[in-house]
Number of protein chains: 2
Amino acid sequence: MARKRFDDSSCSVARALNEVGDWWSLLIVLQAMYGTRRFVDFQQELGIARNILVDRLCRLVDNDVLRKVDVGEHGPRFEYRLTDKGRDLFPVVIALRQWGDKYNPCPEKPPLDLRDRRTGQPVRQLEVQDAEGNPLSVRDVFVQEDPQDDTKQA
Amino acid sequence: MARKRFDDSSCSVARALNEVGDWWSLLIVLQAMYGTRRFVDFQQELGIARNILVDRLCRLVDNDVLRKVDVGEHGPRFEYRLTDKGRDLFPVVIALRQWGDKYNPCPEKPPLDLRDRRTGQPVRQLEVQDAEGNPLSVRDVFVQEDPQDDTKQA
DNA sequence: TAATAAGGTTGCTTAATGAAACCAGATTTC
DNA sequence: GAAATCTGGTTTCATTAAGCAACCTTATTA
């Protein structure tokens with residue numbers, strides 16, 4: 001049967017995964033962050049099947065993560081550009097990258113070295129913080145229960 | 001054909017997605033962060049098919065994201081608990097949650113209110129920062145090229 | 001002794017993935 | 001000016017994975 005969707009889930013993580021939680025969407029967003037904008041370039045850099053790429057690009061455009069722009073001087077030529085919503089996936093991608101670098105480093109080459117364009121300094125390790133900026137682990141947080149919230153759902 | 005895997009990809013994001021990038025794995029990790037540990041509880045709270053749950057739990061255990069513990073006093077009774085590696089997905093989950101809350105809020109109820117257990121203060125918005133703690137956007141960073149790294153791959 | 005619970009496994013159906021072929025409009029090349 | 005090329009797809013088809021429901025085994029409870 002069809003893959004289950006979470007459009008109406010009360011969990012925002014589930015709803016987020018609904019938009020970018022498949023195998024390709026986040027990688028497409030990542031490529032876009034690297035500067036890729038054209039259909040053929042996504043196809044070649046990711047090695048994704050073309051029909052799947054069409055499907056994912058359309059879905060990302062529908063979900064306002066990418067914007068399809070006709071940049072053709074003579075004849076149609078399209079670019080897929082990140083929207084603000086798409087750019088706001090930056091922390092998600094960085095969090096995944098740092099986790100991957102920590103636990104599944106590539107044996108052959110060092111991890112990609114992301115740096116601040118202005119200072120040349122490396123990007124800081126992401127962490128969940130409290131109001132004062134102190135690091136928080138899973139066990140340090142709780143869900144403030146809402147009186148109206150009768151049932152917890154996925 | 002089979003879904004493409006990224007085990008050998010040079011991109012750590014791709015390798016990370018290989019482990020937790022399908023529709024269910026991250027939600028299972030999320031549930032585990034909420035405190036769920038038992039097979040039936042995962043099944044009921046997520047509404048996932050049992051065979052798929054078996055598959056995902058096994059994969060997460062294989063990838064050292066979860067640990068399967070026999071807690072049976074008399075007879076087998078199992079718990080699936082987060083490992084350190086699994087707990088380190090906290091920033092990923094929080095980043096996704098904050099993104100989801102910002103762009104796809106649930107119309108009926110307010111977003112889950114995550115708070116610091118110690119102070120009761122809400123969790124701070126995640127952001128990518130430079131060495132001094134200033135926020136960085138996608139456009140503020142670049143990849144420090146490695147001399148040995150001849151080809152960029154997905 | 002029967003019923004229930006935990007933790008799966010098996011079979012079946014349907015949906016999604018991937019490869020490759022094809023296609024149409026525009027452009028460059030010969 | 002005809003042929004080849006590029007871009008951005010669409011179509012077809014074989015394979016795989018997801019979802020559902022039924023079943024199964026061991027252990028506990030009624």
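No hydrogens, no waters, no symmetry mates; every other heavy atom, side chains included, goes into these values. Chain identifiers are assigned alphabetically (A, B, ...) following the order of the sequence lines, protein sequences preceding nucleic acid strands; residue numbering begins at 1 within each chain.
- Summarising the geometry, the separation between CZ on A:Arg50 and P on D:dT7 is reported as 10 Å, rounded to the nearest angstrom.
- Across all strands, B:Val40 comes closer than 4.0 Å only to sugar-phosphate atoms, never to a base (heavy-atom distances).
- The phosphate of C:dT14 (OP1 or OP2) has no side-chain N or O of A:Lys4 nearer than 4.0 angstrom.
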Applying side-chain contact (heavy atoms from CB on, under 4.5 Å), run through B:Met33 and B:Leu82 and close with a yes or a no. CA-CA 8 Å; B:Met33 288 178 180; B:Leu82 286 170; 3.6 Å; yes
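- Closest-nucleotide positions on DNA chain D for A:Glu79 and B:Arg59 were compared, and the one nearer the 5' end corresponds to A:Glu79.
- Classification of the A:Trp23-B:Phe6 ring pair by plane angle, with boundaries at 30° and 60°, yields tilted.
- Note on A:Tyr80: only backbone sugar-phosphate atoms sit closer than 4.0 angstrom, heavy atoms only; bases stay farther off.
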Using the side-chain contact (heavy atoms from CB on, under 4.5 Å) rule, take A:Val123 and A:Arg115 through it: C-alpha gap first, then chi angles, then the decisive distance, then the call. CA-CA 5 Å; A:Val123 167; A:Arg115 286 168 178 272; 5.9 Å; no
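- When heavy atoms are screened at a 4.0 angstrom cut-off, B:Trp23 is found touching no nucleic acid atom at all.
- Within 4.0 Å (heavy atoms only), B:Asp55 reaches no atom of the nucleic acid at all.
- Judged by atom type and distance alone, B:Arg3 does not reach the base of C:dG18 through any side-chain donor-acceptor pair under 3.5 Å.
- With hydrogens and angles ignored, the 3.5 Å screen pairs no side-chain donor or acceptor of A:Asp101 with any backbone N or O of A:Pro105.
- Distance A:Arg37 CZ to D:dT7 P: 16 Å, rounded to the nearest Å.
- Across the protein-nucleic acid pair, B:Asp70 atom CG and C:dG7 atom P stand 10 Å apart, rounded to whole Å.
- For B:Arg56 and A:Phe78, each mapped to the nucleotide of DNA chain D holding its nearest heavy atom, the one lying further toward the 5' end belongs to A:Phe78.
- Protein atom CG of B:Leu27 is 11 Å distant from nucleotide atom P of D:dG19, rounded to whole Å.
- Between the CZ atom of B:Phe39 and the P atom of D:dT26 there is a distance of 18 Å, rounded to whole Å.
- Distance A:Leu53 CG to C:dA19 P: 13 Å, rounded to the nearest Å.
- Contact detail for A:Trp99 and B:Lys85: the closest heavy-atom pair is NE1-O, 2.9 Å.
- The phosphate of C:dA6 (OP1 or OP2) has no side-chain N or O of B:Lys68 nearer than 4.0 angstrom.
- Regarding B:Ile52, its CD1 atom lies at a distance of 13 Å from the C1' atom of C:dT13, rounded to whole Å.
- As judged by a 4.0 angstrom heavy-atom cut-off over every strand, B:Arg77 is placed among residues touching the sugar-phosphate backbone only.
- We find that CG of B:Leu57 is positioned 13 Å from P of D:dA18, with the value rounded to whole Å.
- Which of C:dA16, D:dT12, C:dG8 sits closest to the side chain of A:Asn51 comes down to D:dT12.
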